[in-house]
There are 2 protein chains.
Amino acid sequence: MDLSCKSEYALLALLALAANAGRGEPLQIRQIAAEQNIPDRYLEQLLATLRRGGLVRSQRGAKGGYVLAGEPWKITLLEIVNCIEGVETQGADAQREPKSVEGSVIFEVWQEARSASDAVLQGYTLQDLLEKRDARRQLDIMYYI
Amino acid sequence: MDLSCKSEYALLALLALAANAGRGEPLQIRQIAAEQNIPDRYLEQLLATLRRGGLVRSQRGAKGGYVLAGEPWKITLLEIVNCIEGVETQGADAQREPKSVEGSVIFEVWQEARSASDAVLQGYTLQDLLEKRDARRQLDIMYYI
DNA sequence: GTATACCCCGGTTCTCCACTGGACTTTGCG
DNA sequence: CGCAAAGTCCAGTGGAGAACCGGGGTATAC
């Protein structure tokens, strides 16, 4: 599981939504895309996927936009990645039936490695990322002085 | 880090070489390719990469072939994957300079996840895989009865 | 010297990722 | 109502990389 553009864009967008969660107003695609340097037509697809996954809610029409569907401290990075990277990918991985004993042993080890990295991703929520970002900003100010 | 054909083929080939390590005779590409169902011209490239990485040694000419360069219990899966998947991939990952604070925070989390899965891969050697395979074979016999 | 292996380099096909475009629908506001 | 501003759906493109194949060269055992 390497970091793809897709996942990174989705994370950035959700982070922007989480930071905006206090105000009642929804954020629009153009705004998120502009401030995070993401191609807007592409971000649109990702937000649609996140909506179908139930992670964000959308408001159509003028003054519309997107809001986070849940609390920032309840949404883990693993949920986000699983949603954005597609469940059918897991299916394709699972349905490759092992042709040899060696193959299935290798596959088991890889699943273990995958579980390990999934556990890390499950250990972080959007809220955690916001806090890490703020801590990082403080650090940057320290360095600037 | 998902399991690619490349890595799986390389693992299978090295497993065959490890199982053959007792005898002094080298294994030939055709033999490995035939018994593991790997396209031989492709396997040739992978073995060349493994040779340049110092994981196998080759013997040219008639009665030639490949032998493991080291002891099966000293070669970890992480070494193999790093060798076969290319070091320049890590470079490309590392050299993507973060454009925003959010981006670098995300990147750090992903590195942590990567480290976790790398640790799992480092915890297994070729010898371990051979033993897992043998245990699996015993299980299959039990089921057969 | 010849057969048998590895060695090197290049090409081909195919799939997927990142990205773009256009037509449509829904909503707010004058 | 009518228009503009937003999201929604579907369809396509371009480039990159993965998997694979072929041909000619070189070393080695017999």
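Letters go in sequence order (proteins before strands), and every chain restarts at 1. Only heavy atoms go into these numbers, but all of them, side chains included; no hydrogens, no water, no symmetry mates.
- Of the possible donor and acceptor atoms, none in the side chain of Asp2(B) sits under 3.5 Å from a partner among the backbone N and O of Asp2(A).
- If Gln45(B) and Lys6(A) are placed on DNA chain C by their nearest nucleotide, the residue sitting closer to the 5' end is Gln45(B).
- As a whole-Å value, the separation of Leu46(B) CG from dC7(C) P is 13 Å.
- Residues of residues 49-71 of chain A having a heavy atom closer than 4.0 Å to DNA chain D, listed by number: Arg51(A), Arg52(A), Ser58(A), Gln59(A), Arg60(A), Gly61(A), Ala62(A), Gly65(A), Tyr66(A).
- Although no hydrogens or angles enter the test, the distance criterion places no donor-acceptor pair under 3.5 Å between the side chain of Asp118(B) and the main chain of Leu78(B).
- Counting heavy atoms from C-beta on, the side chains of Trp110(A) and Glu8(B) never come closer than 4.5 Å.
- With contacts defined as side-chain heavy-atom distances shorter than 4.5 Å, the pair Val81(B)/Met1(B) qualifies.
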Side-chain polar contacts of residues 51-70 of chain B - donor-acceptor pairs under 3.5 angstrom, sequence neighbours left out - could you list them?
none

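- Nucleotide dA5(C) holds its P atom 15 Å from the CG atom of Leu43(B), rounded to whole Å.
- Between the side chain of Ser115(A) and the main chain of Gln111(A), a donor-acceptor pair closer than 3.5 Å is present.
- With hydrogens and angles left out, the side chain of Glu44(B) and the base of dC8(C) share a donor-acceptor pair within 3.5 Å.
- Between Met1(B) atom CE and dA18(D) atom P the separation is 13 Å, expressed in whole Å.
- Rounded to a whole Å, the CD atom of Glu8(A) is 16 Å from the P atom of dC17(C).
- What separates OH of Tyr42(A) from P of dG14(D) is a distance of 18 Å, to the nearest Å.
- A donor-acceptor pair is defined here as one N or O able to donate and one able to accept, closer than 3.5 Å; such a pair exists between the side chain of Glu79(A) and the backbone of Thr76(A).
- Between Pro72(B) and Thr125(B), the closest side-chain pair of non-hydrogen atoms is not below 4.5 Å.
- Annotation: proximity of residues 9-41 of chain B to DNA chain D (heavy atom, distance under 4.0 Å) is found for Tyr9(B), Pro39(B), Arg41(B), numbered in ascending order.
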